[in-house]
Amino acid sequence: MKRTLIKHVLVSDRIGEEVKIAGWVRTRRDSKGGFSFLEINDGSSFSGLQVVVPGELDNYQSDVLRVTIGSAVAVVGELVESPGAGQAVEVHATSVFVYGYADPDEYPLQKKRIGFEKLREIAHLRPRTNTFGAVARVRNALAYATHKFYQERDFLYLHTPMITASDAEGAGEMFQVTTLDMGALPRADGEIDYTQDFFGKPTFLTVSGQLEAETYALALDRVYTFGPTFRAENSNTRRHLAEFWMIEPEMAFADLDDNSDLAEAYIRFLFQYILDNCVEDLAFFNKWVDEGLLERLESIAGSDFERISYTEAVQALQKADVGFEYPVDWGTDLQSEHERYLTEVAYGKPLIVTDYPADIKAFYMRHNDDGKTVAAMDVLVPGVGEIVGGSQREERHDVLLESIRAKGLPEEHYWWYLDLRRFGTAPHAGFGLGFGRVVQFATGMHNIRDAIPFPRTPNSAEF
RNA sequence: UCCGGGGUAGCUCAAUCGGCAGAGCAGCGGACUGUUAAUCCGUUGGUUGGGAGUUCAAGUCUCCCCCCCGGAGCCA
């Protein structure tokens, strides 16, 4: 008999019909009156299915009464309306097959709530909990919505390399990739001889696919990347991972306003999508994890983002009657506390801050006519802070070259990037969005380590 | 990396001034029951993160180390 996912059973009108389901047991409750209740979840939906197992089954004593939380079972039975209060339908089993038991002395999950920190130590089992099942489904929905959003707008999904010899930002610690024997590094003139390394030169895990994405945007007009990126920073916060997924759209013939429009439309689309498609999971998060979640998601999906310039932001902060730990001066970067004040207190909604001082931003950002600022934009959201960083790119060859030199970057690494400005250059713009931070915001999960299946952080690469 | 808070039973936590290491849940045994975080009775379960020191006596005080969490920096 063909198996049906529980999510489909729950919304079917197959009362009175025979169904087959399979999944993992959440609880078993026995009635000495001669039968047992099994709560079964297969991950297809937040809700599981209650199965009533009659004591008359051949393997009731031998198998069913041995079933405990975590066991994997298949059940065949009749779908009926449930007389109980907790569910609309249930299955009256005519057979129960146990694929695998889970020794309750050893199995670490229980009905009782377990702390997220403990669950990180058993990341291979935590998807079987309500919370992490829901996180996985919402994360999946956000990934699907991402592709849907860009595909519907004629963006081309681009695969950029994970191993790279260039440093996109000109800053930030990178993981080195090498096949050299670390215990016996080849040397030439006292330096490590990278001509003997796999690629013949030092290579690293990418921190961004942006520079490569620009090459395709300047040929195919609109592209986006969606893949893993890596930072070897010793960051120990609830918002940082050493390995995280990033989405980077890049558009040709576009300026900073087009960029802001895209970022706003994308973020609102994401949240509207999960509000429409993850109702049960979001209701769970709203009740148990973050009480204002639904209201916040609806508010962001439904309201226009505020847009201010960096200069205006600095003025607003200087006027604010708040004792900041860090002073606010034009020319220094906004601190976390400043960003939080702007998006959470001053405006109370997502905020796009544009036109930052050139000195504190990356070399590839387009210089404004004022000679001091660049066409950069950050999107700030309440609770998470900076969720998007982007810019219009410098398309003028001489200005870009000057910028590379001014930042002291190795010019020779950027020959192909500069070529884009020598041959058929065109204005273009794009941004990067940290996918984990979106999942964090969308679920209300406090720590980004709980928004990705297997988090990589300093000192932690288990599983 | 810096600052702060932590690490005690499988899990969540308590332990007063340094004085016999405890509870709830889970597990196990039993009772009861269309149950649904079931309930009731009983019961098993400890290298108090690791090491050194002070003391008659250390979960508790001192030092070193490891790990976790929060905030900051860096950033997405």
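A note on names: the letters A, B, ... follow the listed sequences, proteins ahead of strands, and every chain is numbered from 1. Just so it is clear, the values below take in all heavy atoms, side chains as well, and ignore hydrogens, waters and symmetry mates.
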What's A/Tyr326 touching, base or sugar-phosphate or nothing? Going by heavy atoms closer than 4.0 Å.
sugar-phosphate
Select base, sugar-phosphate, or nothing to describe what A/Pro108 touches, counting heavy atoms under 4.0 Å on all strands.
nothing
Is there a side-chain contact between A/Asn459 and the phosphate of B/rC67, meaning an N or O under 4.0 Å from OP1 or OP2?
yes
Just checking A/Glu386: base, sugar-phosphate only, or nothing, at a heavy-atom cut-off of under 4.0 Å?
sugar-phosphate
When the ring planes of A/Tyr157 and A/Tyr224 are compared, do they come out parallel, tilted or perpendicular, using 30° and 60° as the limits?
parallel
Report yes if at least one side-chain N or O of A/Gln335 is closer than 4.0 Å to OP1 or OP2 of B/rG73; otherwise report no.
yes
Taking only the C1' atom of each, what is the distance from B/rU1 to B/rC17 in whole angstrom?
38 Å
Closest to side chain of A/Ile448, choosing from B/rG34, B/rA76, B/rC11:
B/rA76
Is any N or O donor-acceptor pair between the side chain of A/Asp30 and the base of B/rU33 shorter than 3.5 Å?
no
Counting any heavy atom closer than 4.0 Å, what does A/Arg340 reach on the DNA or RNA strands: base, sugar-phosphate only, or nothing?
sugar-phosphate
Any-strand Watson-Crick or G-U partner of B/rG46, both distances under 3.5 Å:
none
Do the side chain of A/Gln87 and the base of B/rU35 come within less than 3.5 angstrom through a donor-acceptor pair of N or O atoms?
yes
Value rounded to 0.5 Å, distance of CG in A/Leu275 from CG in A/Leu297:
5.0 Å
Under 3.5 Å, is there a donor on one side chain and an acceptor on the other for A/Ser309 and A/Asp355?
no
If you look at every strand shown and take non-hydrogen atoms under 4.0 Å, does A/Glu90 touch a base, only sugar-phosphate, or nothing?
base
Is A/Arg120 close enough to B/rC69 that one of its side-chain N or O atoms is under 4.0 Å from OP1 or OP2 there?
yes
Check the orientation of A/Trp245 and A/Phe226. Use parallel for under 30°, tilted for 30 to 60°, and perpendicular for over 60°.
perpendicular
Please confirm whether the shortest side-chain N or O distance from A/Arg29 to OP1 or OP2 of B/rU33 is below 4.0 Å.
no
Per nearest nucleotide of RNA chain B, the residue lying toward the 5' end, A/Val52 or A/Gly115, is A/Gly115
Which nucleotide, in any strand shown, forms a Watson-Crick or G-U wobble pair with B/rA21, with both distances under 3.5 Å?
none
With rounding to the nearest 0.5 Å, note down the distance linking CZ in A/Phe305 to CG in A/Leu380.
10.5 Å
Are A/Glu39 and A/Arg28 within salt-bridge range, i.e. N to O under 4.0 Å?
no
Relative to its sugar, using the 90° cut-off around 0, the base of B/rC32 is anti
Assign A/Glu337 to base, sugar-phosphate, or nothing according to its heavy-atom contacts below 4.0 angstrom with the strands shown.
nothing
Check: A/Ser235 side chain, B/rC75 base, donor-acceptor under 3.5 Å
no
Grab the CE-P distance between A/Met246 and B/rC75 for me, whole Å please.
13 Å
Would you mind classifying the nucleic acid contact of A/Leu241 as base, sugar-phosphate or nothing, using non-hydrogen atoms under 4.0 angstrom?
base
Taking atom C1' in both B/rG29 and B/rG45, what distance in whole Å separates the two?
15 Å
For A/Thr237, answer base if it contacts any base atom (sugar-phosphate contacts may also be present), sugar-phosphate if it contacts only those atoms, and nothing otherwise; contact means non-hydrogen atoms under 4.0 Å.
base
Under a 3.5 Å cut-off for both distances, is B/rU39 Watson-Crick or wobble paired, and to whom?
B/rA31
Residue A/Glu117, side-chain heavy atoms: nucleotide from B/rU35, B/rC75, B/rC69 that is nearest:
B/rC69
Stacking between A/Phe37 and B/rG34, defined as ring centres under 5.5 angstrom apart with planes under 30°, is that present or not?
no
Hey, does the side chain of A/Arg239 come within less than 4.0 Å of B/rG73's phosphate (OP1/OP2), counting only N and O?
no
Using the P atoms only, state how far B/rU62 lies from B/rC40, rounded to an integer number of Å.
42 Å
Evaluate whether atom CZ of A/Phe230 has more than 12 neighbouring non-hydrogen atoms of other residues, nucleotides or ligands under 6.0 angstrom away.
yes
NA contact type, A/Thr68, heavy-atom cut-off 4.0 Å: base, sugar-phosphate, or nothing?
nothing
Run A/His338 and A/Tyr326 through ring pair (Phe, Tyr, Trp, His ring centres under 6.0 Å) and show every step you take.
CA-CA 9 Å; A/His338 304 145; A/Tyr326 290 85; 7.1 Å; no
Considering only the C1' atoms, how many Å lie between B/rC32 and B/rC41, rounded to the nearest integer?
11 Å
Residue matched to B/rG53 through Watson-Crick or wobble contacts both under 3.5 angstrom
B/rC61
With distance as the sole criterion, do the side chain of A/His338 and the base of B/rG73 form a donor-acceptor contact below 3.5 Å?
no
Nearest-neighbour nucleotide for the A/Ser336 side chain, B/rG71, B/rG73, B/rU36 considered:
B/rG73
Write down the partner of B/rC74 under the Watson-Crick or G-U wobble criteria, each distance required to be under 3.5 Å.
none
Considering only B/rU12, B/rU1, B/rG34, which nucleotide approaches the side chain of A/Phe35 most closely?
B/rG34
Side-chain contact check for A/His240: nearest option of B/rG70, B/rG34, B/rC74 is B/rC74
5'-most by nearest nucleotide on RNA chain B - A/Asn447 or A/Glu339
A/Asn447
Side-chain N or O of A/Arg449 closer than 4.0 Å to phosphate OP1/OP2 of B/rG70
yes
